[in-house]
Structures are given as C-alpha cells and as structure tokens.
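Heads up, the thing below is written out as structure tokens.
It should be emphasised that the depicted structure is a prediction, and the values quoted were computed from it without experimental measurement.
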Amino acid sequence: MGVRRAGRPSSPYRGEAMEIPDQERVRREKLERLRAAGRDPFLQHGYPRTHSARELEKHAEALLGQQAAVCGRLQARRGHGKAIFADLVDESGRIQVYARLDDLGEEQFAAFDDLDLGDIIGARGEVFRTRTGELTVRVSEFALLAKALRPLPEKFHGLHDPEIRYRQRYLDLIAQPQVREVFRARAALIQAFRSYLCERGFLEVETPILQPLYGGAAARPFTTHHNALDMNLYLRIAPELYLKRLLVGGFERVFEIGRMFRNEGIDTRHNPEFTMIEVYQAYTDANGMMELVEGLVGAACQALHGSLKFTYRGNQIDVTPPWRRVPLLEAIRAASGLDFATIPDAATARQAVAERNLDIGNTAALGLWEIADKVFDRYVQPALVQPTFVTDYPVAISPLAKRKPDNPELTARFEPFLGGEEIGNAFSELNDPDEQRARFEQQVRARQEGDLEAHPMDEDYITALEYGMPPAGGLGLGIDRLTMVLTDQPNLREVILFPLLRPLSE
RNA sequence: GAGCCGUUAGCUCAGGCGGUAGAGCAUCGGACUUUUAAUCCGAGGGUCGUGGGUUCGAGUCCCACACGGCUCACCA
C-alpha cells in the first residue's frame, strides 16, 4: 500500500484539482481564501507565547484569571454551535482552548470555526477552569501560524503502518506521543555518558568521518570520492585508530560519540549508519574498561529509570556491578559441549558440530572461529540476559587487542552483553608496533583468501605506534542497541529517527 | 539471499464457497454557548500496491514485480 499512500509527499497537485483528495481540496481552498483576504498564515514569523502547556499547568493557580498566550497544533475539536473547545498540542503537552462567539465576534469566531485539525495556531486569553476542572484558555485573540494542507492520522488509533511510521516519522511523532519519549530517552542516555566521562576528566573529541583508509572494526565500508583531490575516501566504520593516535599525542582520556557506517545488511539489530561511543584511557586495561562499562551503563540506567533495574522483553534486568564475567571459550563449552581450546582446525570443528547435532546451519564455508562464533550466537548469547562480560577472545579475531600474559592465544578483550544483546567491545590496546604490523599482515592474508571484512594494513597507524603509545584500555558501546534495551524497544528502528529504507519506486 | 505474512477511504480496520466494497474516526451540510474518543441528524469519499493470467464475472483464485513486517541466513 505504501507505494501510493505514503508515496505522495512530493506531489503538489498543481492544476489537477480533480485528483486532489477531498479533505486536501477543502484545506487548499481555505488557504486560498485566507491569502486572498491578505491573511496568509505562512507570512507569520513567530508568536509571542507566554506559556507552554507544561508551564501553564505548573503555574495554574497563579494564572487563573490572568492572560496567557499559547501555541500548538490543533489536534482535537469539539464544536457546540456558538462555542468551540479545542486541544492545542505543543511539545510539552496538551492545552485546552475555548472559543466563544460572544468573545470573538462573528468574523473571528467564523475564522476559528474554519480551522482544520492539524493547523498550527497561537491563541491568547484568560486562563480559567471549566466546570469539569480542566485548565483552559478562553480565546480572546488567535492567529493561524501554519496551515496543515493534509489531514493527520486518526487521533484515537494513532498510526500503525510501520512503513509510514518510518518514512514519515513526523507523522509518527504527532500521532504517537510515546514515540517522542523514546528519543528523549536516547538523548538522556547520551547526555548521561557525556556527563559521566567529562566529570572524570575525559576529553570529547571529533575525528575524521571521511577517511583515506578505514579500520578499527571488521566490516565493509561505504566508499565516496573527493573531487578536488580526485581521491577515494571511506566513511568510517570505527574511530578507533584515530583515537589511539591521540593517546600517542599525549591525551590520556578521550572519547567520541558519533555516527559509524558499515556497508552491511539491515535487520532488527543493524542499520547501515549507527551511533557509537568510543572511549580510550591510558594506563589502564580491559579490567578498567569493565568498570567503565558498569559505570556508564549504570549512569544511563539511572538517568532513564532512576534505578539500576529495568525490564527488557519481560525480563527484570539488574545492572548493579560487578557484572558476571565468563571467558568466551568456557561459555561456549558450557552451552554446547564444544571446547574450542582443543579444536585445532575448522574440519575438526565441523565434525564436532555434526556429532553433537548442533543447529548452526551450513558450516562448510566457515573457518574455525566463525564456527565458534555461530555456536556462541546460537547457544550462548540468547541466555546473556543479565549483564555479562564475555572475555578472552582469540587473538585470530582480535587484531587490535593485546594478548593475555598467561595465554598468548587469547586477548585481554571482552564484549558486554545486556538483555541478550551485544552492546559493545573493549580490550587492552595492542601498543607494540611490530606485533601490530604482524597482525595486520595476517589480516591482509585473510583478505587475500576472501575475507572481505579483514582489517587492511595501516602503515600510518603503525608509524604512530612506533612513537610510543601508553598501555591503555579502549571501549566501544553501541548507542542504538543500548537505547533499544534500556527503553525496552523490540527493534533498532524504534530508536533511530529515520532508519534507512528502500526508496519508493514511482 | 530464503521462507512466511501484509498492502482495501486521510487514519485504524472488516470483507466464507469468486457475483461488482463496508464500519469507526476524519471530511462535508445541519442542530447544539463548559466539552474532552462531546452528542444528535444527514451526505460525500475507493485504479482494493502494480502488471499479467484464469473466469461470463476477481478485493477474493494463479503468476510476476514493488514496498514493508517477522523469522532465518549474512553481519558486530
């Protein structure tokens, strides 16, 4: 249905009066009459508002009998012949206004009666309470500030069509006020992160989004082109390598909040552009990052819920530290019986998977750690509802992480899980330039063998490491996923204002 | 990429076995000067996602396509 119904935002209907839907034709005609009478609403430049809905309610007792000027969108109307009740909705809430023929006179009352649902108006008058006790502005003067030429979604059932909700998010926000709360929560979460870090001496920085060479994660990039320099550039898949250059430069605590771009599929947990926070702290390590995650998520949870407990998908979740810690291979072994510490290669792993009838699809084309990853996704991750750090990732899939002193096959890396969702990635940063080069070379070989997401060689980064980077812990958290979990939304699209959709074909 | 489901009035939704499309809100006209999903009376509004096919006849059955949703796959 969307093709026609939602696909009309660009059609102006010029000279096609016969094709304009009924309700829009009526509104257009009203606008033409206003313009002809020299009262074009779109010539208004503002309105001297004195109170928002919330302010009006807050100062209700002092305002009774006083004048107030309010603004908002006309979202409901109850006519009574020579009087009209209407609901104005502004960002803070709803305001009832009451227009009477006696107060406005014939002409102004007729003009008020001519308003359509969706119109944006300003109104001024005396504040009073109706006999049912509702705070109301008795209109003595009003102005149409913008004409709504299209009818709004229906007031009672709201807007359900997910396609229109995402394509025309403004309609979603108008029709479903609770959707605004999700995005307020998102902003509060980011604010909580920012405050938490700034209070602890972290510096917020901005590093390039357009990068001559991408890196810092395993993902395929978007490519673009700079005309003047005639060079290809990549949209960043992660800010990691730039932030660590800042550690080399002498900043000891830095963070960046920003958009990342990964050229991958779209589903309930992935959007091609998403928001991540990355934090780097010198002279600490993965353990320090675990405490930081506990602190950050705790601060966000407090900001959103006033508590360290919340509900996601029907599960009570408690983020009180310390969070459970479990090594990756141990978690896999406990859940599946497979011990990847003793499995030498992919063929052995495939055989073990088959023997145990593990349901992870076709493993024929997968490498050893890809098989481990699948077993983890299928048998471990869904159970990680309470906050958990999965630790000790194999060095083969952690090209930027420092090895564990007691087991060089593993790294001091962890991923935090919450509500069964992976919400980030962190480790002790590899700062040995020679080993970093060897790791990159290994990635380059993987790329040559067909791994499109292997990390490219970054000589410039290695040069930076050669000047000396202090030992450090680094952390990335997915803002979208965290918001999804902390606001108990079922889908990443619910926390992204304008998720990517296919364009409508004409 | 695969499977399943969806697409009917501005919005939310009904439409057995194929017989020419309905409701509520919204809109238009009328009544009503403290209502609040206001109420009451009356009316208009549809290329049933697009294109083919089967049929005397298709919203309904079949095929293809588009967009979306869910699940899986891919992927942090």
Side-chain angles (χ1 to χ4, degrees), chain A residues 1-8 19-27 29 75-87 94 96-104 109 116-118 128-134 136 138 148-167 171 174-176 216-220 237-238 260 262-272 274 276 359-362 365-366 370 373-374 376-378 381 393 397 415-417 421-425 452-453 476-478 480-481 490-493 499 501-506:
Chain A
M1 115 286 288
V3 173
R4 197 176 55 83
R5 200 159 67 197
R8 291 190 287 106
E19 293 184 16
I20 301 178
D22 222 31
Q23 299 189 44
E24 293 177 37
R25 183 175 45 75
V26 169
R27 287 162 185 247
E29 287 168 0
Q75 261 176 247
R77 203 164 62 144
R78 298 170 290 282
H80 291 264
K82 297 184 179 64
I84 300 168
F85 286 95
D87 293 341
R94 189 182 71 98
Q96 178 165 268
V97 298
Y98 179 50
R100 290 166 56 106
L101 176 60
D102 293 350
D103 298 336
L104 288 172
F109 185 77
D116 289 301
L117 294 186
F128 76 108
R129 282 197 190 279
T130 64
R131 69 168 59 137
T132 56
E134 176 155 356
T136 302
R138 182 162 169 168
L149 293 171
R150 294 173 185 260
L152 258 34
E154 190 239 339
K155 62 183 174 186
F156 186 59
H157 294 93
L159 181 64
H160 288 181
D161 184 330
E163 189 164 354
I164 301 180
R165 290 189 54 227
Y166 299 147
R167 280 191 202 283
L171 293 179
I174 292 168
Q176 311 203 93
R220 299 168 68 181
I237 60 173
M260 307 302 145
R262 297 186 183 177
N263 209 334
E264 294 165 351
I266 300 172
D267 62 28
T268 55
R269 298 292 180 273
H270 297 85
N271 195 60
F274 64 101
M276 188 159 73
D359 176 26
I360 58 167
N362 186 2
L366 301 181
E370 289 170 317
D373 196 42
K374 277 213 186 307
F376 179 85
D377 285 350
R378 172 73 177 76
Q381 181 171 341
Y393 282 69
I397 56 173
E415 293 195 344
F417 289 82
E421 311 288 349
E422 173 200 336
I423 59 166
N425 186 22
L452 295 172
E453 299 186 339
L477 288 174
D480 314 87
R481 286 200 191 158
N491 188 313
L492 204 65
R493 289 183 185 89
L501 300 180
R502 283 180 197 274
L504 293 165
S505 57
E506 189 49 41

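Among the heavy atoms of the strands, none lies under 4.0 Å from I84(A). Residue R378(A) is classed as having no contact, given no heavy-atom separation below 4.0 Å to the nucleic acid. When heavy atoms are screened at a 4.0 angstrom cut-off, Y166(A) is found touching the sugar-phosphate backbone but no base atom. G424(A) comes within 4.0 angstrom of nothing in the nucleic acid, heavy atoms only. R262(A) comes within 4.0 angstrom of sugar-phosphate atoms only, judged by non-hydrogen atoms across all strands, and of no base. As judged by a 4.0 angstrom heavy-atom cut-off over every strand, A219(A) is placed among residues touching the sugar-phosphate backbone only.
Comparing the same atom, P, in G6(B) and in C25(B) gives a spacing of 28 Å after rounding to whole Å. Atom C1' of C61(B) sits at a distance of 16 Å from the matching atom of C56(B), rounded to the whole Å. Between C48(B) and C11(B), the distance separating the two P atoms is 15 Å to the nearest Å. If you take atom P in U35(B) and the same atom in C40(B), they sit 15 Å apart, rounded to whole Å. Comparing G10(B) with G44(B), their C1' atoms sit 14 Å apart, to the nearest whole Å. Across the P atoms, A43(B) and G24(B) are found 12 Å apart, a figure rounded to whole Å. With both ends at atom C1', the span from G51(B) to C67(B) equals 15 Å, rounded to whole Å. For the C1' atoms, the distance linking A21(B) with A9(B) amounts to 11 Å, nearest Å.
In this structure, N271(A) places its CG atom 18 Å from P of C75(B), rounding to the nearest Å. With rounding to whole Å, L492(A) atom CG is found 18 Å from C75(B) atom P. The interatomic distance linking Q23(A) (CD) with G45(B) (C1') rounds to 9 Å, in whole Å. The nearest whole Å value for the distance from the CZ atom in R165(A) to the C1' atom in C67(B) is 17 Å. Taking atom CD1 of I164(A) as the reference point, atom P of U8(B) lies 9 Å away to the nearest angstrom. In this structure, the CZ atom of R150(A) is 16 Å from the P atom of A9(B), given to the nearest Å. Going from atom CD of E29(A) over to atom C1' of U27(B) covers 12 Å, rounded to whole Å. One atom, CD of E24(A), and another, P of G44(B), lie 21 Å apart when rounded to the nearest Å.
Judged by distance alone, with hydrogens and angles left aside, the side-chain atoms of R27(A) form a donor-acceptor pair with the main-chain N or O of A148(A) at under 3.5 Å. In this structure, E134(A) contributes its side chain and R129(A) its backbone to no donor-acceptor pair below 3.5 Å. R262(A) places a side-chain N or O within donor-acceptor distance of the main-chain N or O of I237(A), the cut-off being under 3.5 Å. At least one donor-acceptor pair under 3.5 Å links the side chain of R481(A) to the backbone N or O of E422(A).
Residue order along RNA chain B, read from the 5' end via each residue's closest nucleotide, puts L117(A) first among L117(A) and R481(A). Mapped onto RNA chain B by nearest heavy atom, G81(A) and R78(A) fall at different nucleotides, with G81(A) at the one closer to the 5' end.
Shown here, G29(B) is classed anti by the O4'-C1'-N9-C4 or O4'-C1'-N1-C2 angle, which is more than 90° from 0.
Pairing partner, C48(B): none, since no Watson-Crick or wobble contact has both distances short of 3.5 Å. Nucleotide C61(B): paired with G53(B) (Watson-Crick or G-U wobble, both distances less than 3.5 Å). Remark: A21(B) base-pairs with no nucleotide; criterion is Watson-Crick or G-U wobble with both hydrogen-bond distances under 3.5 Å. Pairing of A43(B), defined by two Watson-Crick or G-U wobble distances under 3.5 Å, is identified with U27(B).
Within the structure, a side-chain polar atom (N or O) of N491(A) is placed less than 4.0 Å from OP1 or OP2 of C70(B). A close approach under 4.0 Å does not occur between any side-chain nitrogen or oxygen of H80(A) and OP1 or OP2 of A38(B). When the side-chain nitrogen and oxygen atoms of R27(A) are compared with OP1 and OP2 of U27(B), none of them lie within a distance under 4.0 Å. Side-chain nitrogen and oxygen atoms of R502(A) include none within less than 4.0 Å of the OP1 or OP2 phosphate oxygen of A66(B).
Ring geometry for Y98(A) versus F85(A): interplanar angle under 30°, hence parallel rather than tilted (30 to 60°).
The side chain of D267(A) has A73(B) as its nearest neighbour among A73(B), U34(B), U12(B). The listed nucleotides are U34(B), G69(B), C75(B); the one nearest the side chain of L501(A) is G69(B). Looking at the side chain of T136(A), the nearest of the listed nucleotides U35(B), U71(B), U27(B) is U35(B). With G68(B), U12(B), U34(B) as the candidates, the nucleotide lying closest to the side chain of P162(A) is G68(B). For P151(A), the listed nucleotide lying nearest its side chain is G10(B); candidates were C67(B), G10(B), U71(B). The listed nucleotides are U34(B), G24(B), C75(B); the one nearest the side chain of R138(A) is U34(B). Out of G10(B), C28(B), U35(B), the shortest distance to the side chain of V26(A) is found at C28(B). For F85(A), whose side chain is taken as the heavy atoms from C-beta onward, the closest listed nucleotide among C67(B), U35(B), C75(B) is U35(B).
Side-chain contact check for L501(A) versus R167(A): some heavy-atom pair is nearer than 4.5 Å.
Residues R138(A) and Q96(A) bring no donor and acceptor atom of their side chains to less than 3.5 Å of each other.
Summarising the geometry, atom CZ belonging to R269(A) is positioned 12.0 Å from atom CG belonging to D480(A); distances are rounded to the nearest 0.5 Å.
Judged by distance alone, with hydrogens and angles left aside, D102(A) brings a side-chain donor or acceptor within reach of the base of U33(B), the pair sitting under 3.5 Å. Contact annotation: side chain of Q96(A) to base of U35(B), donor-acceptor pair present below 3.5 Å. Residue H270(A) places a side-chain atom within donor-acceptor reach of the base of C75(B), judged by atom type and a 3.5 Å distance cut-off alone.
Between R78(A) and D87(A) there is a salt bridge, with a side-chain nitrogen of the basic residue lying less than 4.0 Å from a carboxylate oxygen of the acidic one.
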